[in-house]
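To start, the structure itself, in structure tokens.
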Amino acid sequence: MVAELPPIATEIEMNQDASNQIKGMNELLYRQRHSAAHIMAEAVLEIFPEAKYAIGPPIENGFYYDFDLPRPLTPDDLNDVDKRMRASIRADKPFVKSESAKAEARAFFAEQPYKLELIDGIPDEKVGICKHGNFTDLCGYPHVESTGKVGAFKLMSVAGAYWRGDEHRPMLQRIYGVMFPTDDELAEYLHNLEEAERRDHRRLGKELELFFVDPIAPGSPFFLPKGTTIYNLAIDFMRGLYKRYGYQEVITPQIFSVDLWKRSGHYDNYREGMYFIQDEDRELGVKPMNCPGHCIMYASQVHSYRELPLRYADFGRLHRFERSGTLHGLTRVRSFSQDDAHIYCRLDQIGGEIQTLVAMMRETYSAFHLGQPRFSLSLRPDKRIGSDETWDMAESALRDALVASGIAFEEIANEGAFYGPKIDLFMDDVLGREWQISTFQLDFNLPERFDLEYAAEDGSLQRPVMIHRAILGSLERFMGILIEHSAGAFPTWLAPVQTTLIPIADRHVEYCEGVAARLRETGLRVEVDARGERMQAKIRDAQLMKVPYMLVAGDRDIEAGAVSVRARGGGDLGPMAVEAVIERLAVEVASKGSPEGAAGEA
RNA sequence: GCCGACGUAGCUCAGUGGUAGAGCAGCCGAUUCGUAAUCGGCAGGUCGAGGGUUCAAAUCCCCCCGUCGGCUCCA
């Protein structure tokens with residue numbers, strides 16, 4: 001295996017434009033991170049010569065490599081790997097690329113089952129080989145010229161990872177590292193990580209007294225009064241939209257006979273995600289989704305084309321079994337409710353409905369001060385129901401609606417559900433993990449299974465199409481994302497406590513209670529901090545609880561019929577008349593603003 | 001579920017075979033103060049559950065529960 005490839009510096013075209021697929025990585029960084037993975041494998045093989053090595057790609061903030069090792073890695077091993085990597089980098093060994101015939105490569109990697117499997121999966125006749133020092137790897141991707149050219153790195157963790165992500169295949173040990181071009185950028189990244197931990201919704205949920213989870217109910221959060229306030233405000237907000245956008249809210253059962261789940265197909269396809277209860281005479285399933293119940297409701301009445309689109313909204317509580325290892329604060333839970341709705345409409349109404357959903361989504365993301373989500377459009381999979389004409393129609397209806405709304409989106413072939421194409425919206429959490437929030441899914445299947453019909457203009461009976469849609473998605477998950485994006489400093493309309501009255505001395509408590517009563521009359525959520533603490537301590541505590549406005553009252557204020565206003569983040573705003581404060585807060589609440597500025601754009 | 005780490009007071013954490021600790025929070029008392037922590041006292045733990053080793057276990061071993069990170073960003 002010899003034949004030299006062209007020198008690295010002359011652009012080797014990268015497989016599938018690999019570096020563009022990963023967020024925030026230019027080609028140099030891609031090469032550096034990829035090279036670092038090779039250097040790490042070199043180090044691990046020095047320690048464990050018998051190790052089997054699998055794959056080691058560059059990733060968003062660094063790189064990883066998967067190994068099959070004789071024993072679990074310890075933190076000491078990581079230090080050892082780190083040291084050996086730095087030695088290799090100091091030695092500045094050149095990366096030498098070549099190609100070899102598959103047969104030669106198979107002979108070379110005879111003791112490396114994972115490499116052999118990779119070779120089998122490569123369509124070309126020749127495979128890439130990359131060597132530096134004594135380490136040789138199967139590799140078709142570009143590197144830096146030599147080990148000394150990589151950036152600043154730090155090994156982060158060891159984790160289990162199934163070979164090829166398949167839980168039926170062996171579990172390997174994955175070492176994660178981060179790498180940036182310079183020491184400063186690495187330090188900044190590590191600093192940002194620490195900052196991110198401070199705004200982790202699980203931490204803030206406890207600190208701000210919003211929610212907690214207890215081992216007594218894994219994956220099922222308890223919402224404390226303050227968290228419940230926010231949760232209900234989110235629901236109120238959606239109800240407000242429903243009035244304007246023509247939705248009808250409904251209430252449907254929690255537990256259904258398995259007959260329903262058999263008819264809907266959930267029993268066959270989703271059973272492992274459901275909870276079942278044995279009644280005295282039959283088996284019942286706790287609902288993981290509202291859609292079958294809504295279909296029963298739709299079918300309970302006769303429908304005319306004049307009623308369509310018919311929009312049923314439901315905040316019903318859903319239960320889904322999630323594997324214990326996947327539970328995560330509010331973002332992956334077993335018990336939750338959604339701002340769920342199902343729209344029954346004609347095929348030609350799909351486009352208009354989607355455009356309306358985008359408008360609702362924009363209002364919502366703006367009101368909650370979230371940024372722009374990432375959109376994806378998932379197209380027909382191989383295994384599907386419905387005719388090609390129907391799919392053509394449905395896919396272009398979704399695509400056209402997005403284009404008409406000026407939305408940038410990514411089309412993903414083959415990722416749609418078997419029952420229809422869908423649009424998903426994703427937001428990052430504070431650690432850069434992406435979660436699905438909103439979803440708009442077409443469904444040709446359930447109307448079929450439940451034999452849903454409407455009377456058309458010509459008197460014939462037609463089948464409606466169904467749109468599953470949620471804008472906040474799981475309210476639990478939404479709240480988790482909301483907490484992290486706001487760092488707990490919610491816009492005023494959402495803050496569980498909107499103002500705290502701070503009497504300077506005991507003799508000012510009565511006045512504060514009077515002001516608080518006046519504020520409550522206008523619908524504000526107000527507390528009076530009447531503890532025997534100093535004003536400074538009360539301010540500090542209110543700041544830590546991220547209360548938007550602190551109203552301080554002492555002798556001077558009482559005399560003037562005023563309060564001294566302090567805004568969260570804005571400092572001391574000086575004395576204001578009580579009625580002026582009410583006016584300011586009313587405007588801010590109505591505009592969904594915050595003390596730090598107006599509502600964000602979505 | 002699987003791999004690894006972790007689980008000590010309400011919270012954050014110290015304690016690695018020999019009498020369970022600190023800070024904050026809580027309670028009581030004093031202080032009545034002008035924009036991010038007033039002072040003093042008191043109380044608070046079957047050391048996640050169960051089993052084992054040992055004269056002796058928070059500490060070592062086994063098992064269970066839970067939490068945290070990870071489990072295709074595909075040579």
Sticking with atom [atom1], work out how far [N] lies from [M], rounded to a whole angstrom.
N: B:C60; M: B:C47; atom1: P; value: 15 Å
N: B:U32; M: B:A9; atom1: C1'; value: 32 Å
N: B:U19; M: B:G15; atom1: P; value: 16 Å
N: B:C11; M: B:G52; atom1: P; value: 30 Å
N: B:U46; M: B:G10; atom1: P; value: 9 Å
N: B:G23; M: B:A43; atom1: P; value: 14 Å
N: B:U54; M: B:G40; atom1: C1'; value: 45 Å
N: B:A57; M: B:A49; atom1: C1'; value: 16 Å

Watson-Crick or G-U wobble mate for [N], both contacts under 3.5 Å:
N: B:A57; answer: none
N: B:U35; answer: none
N: B:G40; answer: B:C28
N: B:G1; answer: B:C71
N: B:G7; answer: B:C65
N: B:A22; answer: B:U12
N: B:G17; answer: none

With a non-hydrogen cut-off below 4.0 angstrom, is [X] in contact with a base, only sugar-phosphate, or nothing?
X: A:Asp541; answer: nothing
X: A:Val127; answer: base
X: A:Thr326; answer: base
X: A:Asp555; answer: base
X: A:Pro57; answer: nothing
X: A:Ala159; answer: base
X: A:Gly532; answer: base
X: A:His508; answer: nothing
X: A:Arg433; answer: sugar-phosphate
X: A:Arg164; answer: base
X: A:Leu327; answer: sugar-phosphate

Exercise. Please answer whether the main-chain N or O of A:Lys538 pairs with a side-chain N or O of A:Asp541 as donor and acceptor at a distance below 3.5 Å.
Key: no
Using a cut-off of strictly less than 4.0 Å, decide whether [X] has a side-chain nitrogen or oxygen near OP1 or OP2 of [N].
X: A:Tyr176; N: B:G4; answer: no
X: A:Arg169; N: B:U72; answer: no
X: A:Ser564; N: B:G34; answer: no
X: A:His168; N: B:C2; answer: no

Practice problem: Could you check A:Pro575 against A:His328 and say which one's nearest nucleotide on RNA chain B is further toward the 5' end? | Solution: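 In this pair, the answer is A:Pro575.
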If you only use heavy atoms from C-beta on, which nucleotide in [options] is closest to the side chain of [X]?
X: A:Arg323; options: B:C71, B:C73, B:G1; result: B:G1
X: A:Gln543; options: B:G66, B:A36, B:C71; result: B:A36
X: A:Asp506; options: B:U32, B:G34, B:C74; result: B:U32
X: A:Asp572; options: B:G1, B:U35, B:A36; result: B:U35
X: A:Pro72; options: B:U67, B:G4, B:G34; result: B:G4
X: A:Met171; options: B:C3, B:U67, B:C73; result: B:C3
X: A:Arg566; options: B:G69, B:G1, B:A36; result: B:A36
X: A:Val552; options: B:C71, B:U35, B:G1; result: B:U35
X: A:Ile539; options: B:G34, B:U67, B:U35; result: B:U35

Quiz item: How long is the gap from NZ on A:Lys97 to CG on A:Asp137, to the nearest 0.5 Å?
Solution: 10.0 Å
Exercise. Starting at CZ of A:Phe153, measure out to CG of A:Leu186 and round the result to the nearest 0.5 Å.
Key: 9.5 Å
Using the six-membered ring wherever Trp is involved, compare the ring planes of [X] and [Y] and label them parallel, tilted or perpendicular (cut-offs 30° and 60°).
X: A:His266; Y: A:Tyr270; value: perpendicular
X: A:Phe212; Y: A:Phe222; value: parallel
X: A:His143; Y: A:Phe95; value: parallel

Quiz item: Does A:Arg33 count as lying over the ring of A:Phe180, i.e. NZ or CZ under 6.0 Å from the six-ring centre, within 45 degrees of the axis?
Solution: yes
Would you call [X] and [Y] a salt bridge, taking side-chain N to carboxylate O under 4.0 Å as the test?
X: A:Arg202; Y: A:Asp200; result: yes
X: A:Glu533; Y: A:Arg540; result: no
X: A:Glu579; Y: A:Arg518; result: yes

Quiz: residues 107-114 of chain A side-chain donor-acceptor pairs under 3.5 angstrom, not counting sequence neighbours:
{"from": "A:Gln112", "atom 1": "OE1", "to": "A:Tyr53", "atom 2": "N", "distance (Å)": "3.0"}
{"from": "A:Gln112", "atom 1": "NE2", "to": "A:Ala51", "atom 2": "O", "distance (Å)": "3.2"}
{"from": "A:Tyr114", "atom 1": "OH", "to": "A:Asp68", "atom 2": "OD2", "distance (Å)": "2.7"}

Exercise. Give me the residues of residues 185-207 of chain A where at least one heavy atom lies under 4.0 Å from an atom of RNA chain B, by number, or none.
Key: A:Arg202, A:Lys206
Practice problem: Test A:Asp429 against A:Trp435 for side-chain hydrogen bond (donor to acceptor under 3.5 Å, both in side chains), laying out the working first. | Solution: CA-CA 7 Å; A:Asp429 74 8; A:Trp435 301 92; 3.1 Å; yes
Exercise. Specify the separation, in whole Å, of atom CG of A:Asn414 and atom P of B:U72.
Key: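 Taking atom P of B:U72 as the reference, CG of A:Asn414 is at 18 Å.
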Practice problem: Give the rounded distance in Å between these two atoms: CG of A:Leu78 and P of B:A5. | Solution: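 It is 12 Å, rounded to the nearest whole Å.
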Is any N or O donor-acceptor pair between the side chain of [X] and the base of [N] shorter than 3.5 Å?
X: A:Ser157; N: B:G69; answer: no
X: A:Tyr162; N: B:G70; answer: no
X: A:Arg534; N: B:A36; answer: no

Self-check item: Ring centroid separation A:Phe67 to A:Tyr65 under 6.0 Å
Solution: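 A:Phe67 vs A:Tyr65: aromatic centres under 6.0 Å.
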Self-check item: Letter per nucleotide, 5' to 3', of nucleotides 39-48 of chain B [B base touched, S only sugar-phosphate touched, - untouched; heavy atoms, 4.0 Å]
Solution: ----------
Quiz item: Should we say atom NZ of A:Lys154 is surrounded by more than 12 heavy atoms from elsewhere, each under 6.0 Å from it?
Solution: no
